[in-house]
Chemist: 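Got a structure for you, written out below as structure tokens; questions coming shortly.
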Amino acid sequence: MTQVMKLAVGSLIIGLAVMALKVLAWWLTGSLALMSDALESLVNVATALAVILALRVAALPADANHPYGHHKAEFFSAVLEGVLIVIAALFILREAYSGFFNPTPIAAPTLGLLINAGAGAINGFWAWILITRGRKQRSPALVADGKHLLTDVISSGGVLLGIGLALLTGWWVLDPALAALVALNILWSGWVVIWQSLSGLMDESVSDETLNEVRRVISEEGFGAVEAHDLRTRHAGRVTFIDFHLVLPGETTVHDAHEVCDRIEAALCDEIPGARVTIHVEPEHKAKHNGIVVLD
């Protein structure tokens, strides 16, 4: 089992444990705000299952029908996660709307809040693990899952604070109001996850920081060439595709041209894990004089 898959399975286990705690807190209190928090944990469990499935598909080797691999499966998982988040938020808004017209006191508040706070602490720790490890492993599905958990932690903190105010003031209408605020926060996080995932499905270029690294490596490792131009990049899951034209002096032999290309490709793969590099070699008269200058 790969490190990424282990994290995905860990998310499922953590999600089930946190959901059980939050459902218990809701059952003890009857709070709409805690119900919204528990429902978001149900979404976490569903999306953890989707991430596991997506990672299994993304790990499949390239085949005749998918010569570039199955890496984009992770983006589909993240889109599904965003859609589920939005559906959960709409359900919470409906319940909160009903609660505004029939606010009720919260039962067993202290115990319920302590249980919910413990669940939030677990989520916060796991969100940090997923985001840091997901970025290291270049897994958009894990990073999206971690960011969603982080919004869950923030909304849980707001819920706990608001219910505490309701207990102090006796304004029980704060309970459905908090549920509505949680729902709006969930809606926003769902939209962000969907938008970021769609950018990957649309073959968006890598970040400016990564692009500058690619340019630097080509410039420093391309000695023997004249220039590089028509650089294009895109990312799909943990894989970054890089292709460009490399201009070489006309007298360069095939062997020497191959040596230059191999050197650049190896350096790019060392700098950007998961890189897939394609280099098109051109003679000197094809130089455009507006690309990447190769250092001597």
Side-chain angles (χ1 to χ4, degrees), residues 1-26 33-55 58 74-75 77-89 92 113-163 178-179 181-197 199-200 237-238:
M1 187 182 294
T2 65
Q3 184 67 26
V4 174
M5 184 60 76
K6 289 179 181 178
L7 289 169
V9 173
S11 285
L12 178 60
I13 296 171
I14 294 292
L16 286 169
V18 169
M19 183 182 71
L21 290 172
K22 290 190 175 183
V23 168
L24 177 60
W26 168 39
L34 292 183
M35 179 274 291
S36 68
D37 220 13
L39 186 60
E40 189 171 8
S41 292
L42 177 61
V43 174
N44 292 342
V45 172
T47 52
L49 287 170
V51 167
I52 291 173
L53 178 61
L55 290 174
E74 290 194 47
F75 289 118
S77 168
V79 169
L80 174 60
E81 179 172 352
V83 171
L84 290 174
I85 292 170
V86 169
I87 292 173
I92 295 169
L113 293 181
L114 286 175
I115 293 173
N116 198 265
I122 295 172
N123 260 351
F125 173 73
W126 192 247
W128 176 76
I129 292 290
L130 286 179
I131 293 173
T132 54
R133 300 284 179 83
R135 285 173 176 166
K136 185 177 180 180
Q137 298 292 330
R138 300 177 63 81
S139 171
L142 289 181
V143 173
D145 202 18
K147 288 181 178 179
H148 174 223
L149 281 182
L150 190 58
T151 64
D152 188 11
V153 173
I154 294 171
S155 61
S156 293
V159 165
L160 292 174
L161 178 61
I163 292 178
L178 283 168
L181 288 175
V182 170
L184 292 175
N185 182 56
I186 295 171
L187 272 176
W188 172 251
S189 68
W191 164 251
V192 170
V193 169
I194 292 172
W195 177 257
Q196 291 178 343
S197 302
S199 71
R238 286 167 288 165

Chemist: Sequence neighbours excluded, which residues qualify as side-chain contact (heavy atoms from CB on, under 4.5 Å) partners of Ile115?
Modeler: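 Leu21, Leu24, Ala25, Leu28, Leu111.
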Chemist: side-chain contact (heavy atoms from CB on, under 4.5 Å) with Leu7: which residues, sequence neighbours excluded?
Modeler: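 In terms of side-chain contact (heavy atoms from CB on, under 4.5 Å), with neighbours along the sequence ignored, Leu7 is linked to Gln3, Trp126, Ile129, Leu130, Arg133, Leu142.
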Chemist: How would you list, by chain and number, every residue that makes a side-chain contact (heavy atoms from CB on, under 4.5 Å) with Val45, sequence neighbours excluded?
Modeler: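 By the side-chain contact (heavy atoms from CB on, under 4.5 Å) rule, Val45 matches Leu12, Leu16, Met19.
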Chemist: Any idea which heavy atoms bring Gly146 and Ala127 closest together, and the distance?
Modeler: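 Answer, listing the atom of Gly146 first, then Ala127: O-CB, 3.5 Å.
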Chemist: Quick check on side chain to side chain contact (heavy atoms under 4.5 Å, CB included): which of Ile14, Ile131, Asn123, Val18 does Leu149 satisfy it with?
Modeler: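 Result for side chain to side chain contact (heavy atoms under 4.5 Å, CB included) with Leu149: Asn123.
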Chemist: For the residue pair Lys22 and Asn116, establish whether any side-chain heavy-atom pair is separated by less than 4.5 Å.
Modeler: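 Yes, at least one pair of side-chain atoms sits under 4.5 Å.
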